[in-house]
Amino acid sequence: MNTQTIEFIRPVKQSTAPQRWSVPDVEALFKLPFADLMYRAQQVHREHFDPNAVQLSTLLSIKTGGCTEDCGYCPQSAFNSAGVEDRKMLEVEEVVAAARAAQQKGAGRFCMGAAWREPSDEDMASVVEMVKAVRDLGMETCATLGMLNDEQTGQLRDAGLDYYNHNLDTSPEFYGNIISTRDYQDRLDTLDRVRKAGMSVCSGGIVGMGESITQRAGLVAQLANMNPYPESVPINNLVRVEGTPLAQTEELDPLDFVRTVAVARITMPTAFVRLSAGRQQMSDAVQALCFLAGANSIFYGEQLLTTGNPDVEKDRALLDKLGMYPLAEKA
Ligand code: SAM
Ligand code: DTB
Ligand code: SF4
């Protein structure tokens, strides 16, 4: 990378107007020398956040498996044979008990996930009760239930849902290699409805699915050019689950994952960038690099939806070792 390319990248601006990022601009960030990229990311991160505070979200699968969508990465798709046992929706009491336990362990946000293409009216009635009950505990609430219509976004907003998670997953160009049962535009439409209803948007993607750097840059550009960009951006490292079409995908170089976090931080300065799925397979050193790159949120608790996550003691030890602390526990 020569200095000409570095000059070509737009300087970080602090402005209320959204910054438009072209895919080549974002790709140029990906190709910066590692130290330059990390320095830029740290500068942006420190302008907007306490660099030692990390937001903790606990996930719960409220309805597992048997999903009608064909997402190539997902152990819960009925098209895949990952051996995930289908489970009907949990009862409100079970969800509240899990949320209370997560809160006692220090989680600030509780995210309820369901293996649906979209929720039915009956599903919505239960989810609304769950959201209200979790909110009554004093936790931030998040849900990820698939596509939503306007009525459903209104119901969730009225129940007090703080964040709705719906990932773009990858770039528009690579998307068709991974999913065929719904379009990229469907995802953008749901995010638009969530935004219009007045909830905060949580949207990110997965890296390590065999996409090119340009396609990885395409995902980040899509997210960063949303107006406004998401408040929360989960960056997932593909969990290669046996029985899914992506199980044999070549493992991503961990430094490329770190680069993705840094680029997300630079292009979405005020977003919480979450170091999401794939942490169980990551060394402490790589996770520390992700925090340096501007990640300031993690999934917390030994289970993601169907796959594992580091246990609470391990994460506490890591945060202690790095002199970091949960956002909710900040003095
Ligand atoms: N069914 C809903 C949907 O897809 O919108 C919500 C749940 S779905 C499991 C939420 C997200 O989890 C997906 O969009 C994807 O980004 C992520 N995910 C699923 N399987 C994954 C895997 N094996 N590795 C990394 N991320 C994964
Ligand atoms: C997100 O971006 N990652 C989470 C959450 N949003 C719902 C899900 C990760 C799932 C990993 C595979 C599994 O555990 O089934
Ligand atoms: Fe279903 Fe969501 Fe998994 Fe896709 S990612 S198969 S929509 S649970």
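In what follows, residues are counted from 1 in the order of the sequence shown. In each ligand, atom 1 is the first atom listed, and ligand 1 is the first ligand listed.
A cation-pi arrangement is present between Arg274 and Phe299, with the terminal nitrogen or guanidinium carbon under 6.0 Å from the aromatic centre and inside a 45° cone about the axis.
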Show me the donor-acceptor pairs within less than 3.5 Å that the side chains of residues 177-186 make with the rest of the protein, sequence neighbours left out.
residue, atom, partner, partner atom, Å
Ser180, OG, Asp70, OD2, 2.5
Thr181, OG1, Glu69, OE1, 3.0
Thr181, OG1, Asp70, N, 3.1
Thr181, OG1, Asp70, OD1, 3.1
Arg182, NE, Glu69, OE1, 3.2
Tyr184, OH, Thr170, O, 2.6
Gln185, NE2, Asp189, OD1, 2.9
Asp186, OD2, Asp183, N, 2.8

Please list, one pair per line, the donor and acceptor atoms closer than 3.5 Å that link side chains of residues 81-95 to other protein atoms, with sequence neighbours excluded.
residue, atom, partner, partner atom, Å
Asp86, OD1, Gly66, N, 3.2
Arg87, NH2, Ser61, O, 3.4
Glu94, OE1, Glu91, N, 2.8

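At a 3.5 angstrom cut-off on N or O pairs, Gln76 does not count as close to ligand 1. Residue Trp116 places at least one N or O, backbone or side chain, under 3.5 Å from an N or O of ligand 1. For ligand 1, the polar-atom distance check finds an N/O of Val239 within less than 3.5 Å of one of the ligand's N/O atoms. On a distance-only criterion, Gln76 and ligand 2 share no N/O pair closer than 3.5 Å.
Protein heavy atom nearest atom 15 (O) of ligand 2, with residue, atom name and distance: Thr306 OG1, 2.6 Å. Protein heavy atom nearest atom 3 (N) of ligand 2, with residue, atom name and distance: Asn236 OD1, 3.0 Å. Scanning the protein heavy atoms around atom 12 (C) of ligand 2, the nearest turns out to be Thr307 OG1, 3.6 Å. What sits closest to atom 4 (C) of ligand 2 on the protein, heavy atoms only, is Phe299 CE1, 3.6 Å. Of all protein heavy atoms, the one lying nearest to atom 6 (N) of ligand 2 is Asn165 OD1, 3.3 Å. Leu305 CD1, 3.8 Å is the protein heavy atom nearest to atom 8 (C) of ligand 2. Nearest protein heavy-atom neighbour of atom 14 (O) of ligand 1: Asp169 OD1, 3.1 Å.
Ligand 1 has Gly146 within reach: a non-hydrogen atom of the residue lies less than 4.0 Å from it. Contact between Gly113 and ligand 2 is absent, with no heavy atom of the residue lying under 4.0 Å from the ligand. In this structure, Thr144 counts as a contact residue of ligand 2, since one of its heavy atoms falls inside 4.0 Å of the ligand.
Annotation: ligand 3 has protein neighbours Cys67, Glu69, Cys71, Tyr73, Cys74, Ser77, Ala115, Trp116, Arg182, each with a heavy atom less than 4.0 angstrom from the ligand.
Short contacts between ligand 1 and Leu305, defined as distances under 4.0 Å to a heavy atom of the residue, involve ligand atoms 9 (C). Annotation for ligand 1: atoms under 4.0 Å from non-hydrogen atoms of Asn236 are 25 (C), 26 (N). Counting atoms of ligand 1 from 1 in the listed order, those under 4.0 Å from a heavy atom of Ala277 are 25 (C). The atoms of ligand 1 that sit less than 4.0 Å from any heavy atom of His166 are 5 (O). Per-residue contacts place Pro234 under 4.0 angstrom from the following atoms of ligand 2 (heavy atoms of the residue considered): 2 (O).
Residues Arg187 and Asp169 are paired through a salt bridge, judged by an N-O separation under 4.0 Å between the basic side chain and the carboxylate.
Partners of Arg109 by salt bridge (Lys or Arg N to Asp or Glu O under 4.0 Å), not counting sequence neighbours, listed by chain and number: Glu140.
For the residue pair Arg195/Tyr164, the side-chain donor-acceptor check at 3.5 Å is not satisfied.
With a 4.0 Å heavy-atom cut-off, ligand 1 is reached by the backbone of Ala114 but not by any atom from C-beta on. Counting heavy atoms closer than 4.0 Å to ligand 2, residue Leu59 contributes side-chain atoms (C-beta onward) but none from N, CA, C or O. Residue Thr144 touches ligand 1 through backbone and side chain together, judged by heavy-atom distances below 4.0 Å. Under 4.0 Å from ligand 1, the heavy atoms of Ile206 that appear belong solely to its side chain. With a 4.0 Å cut-off on non-hydrogen atoms, Arg182 touches ligand 1 through its side chain and not its backbone.
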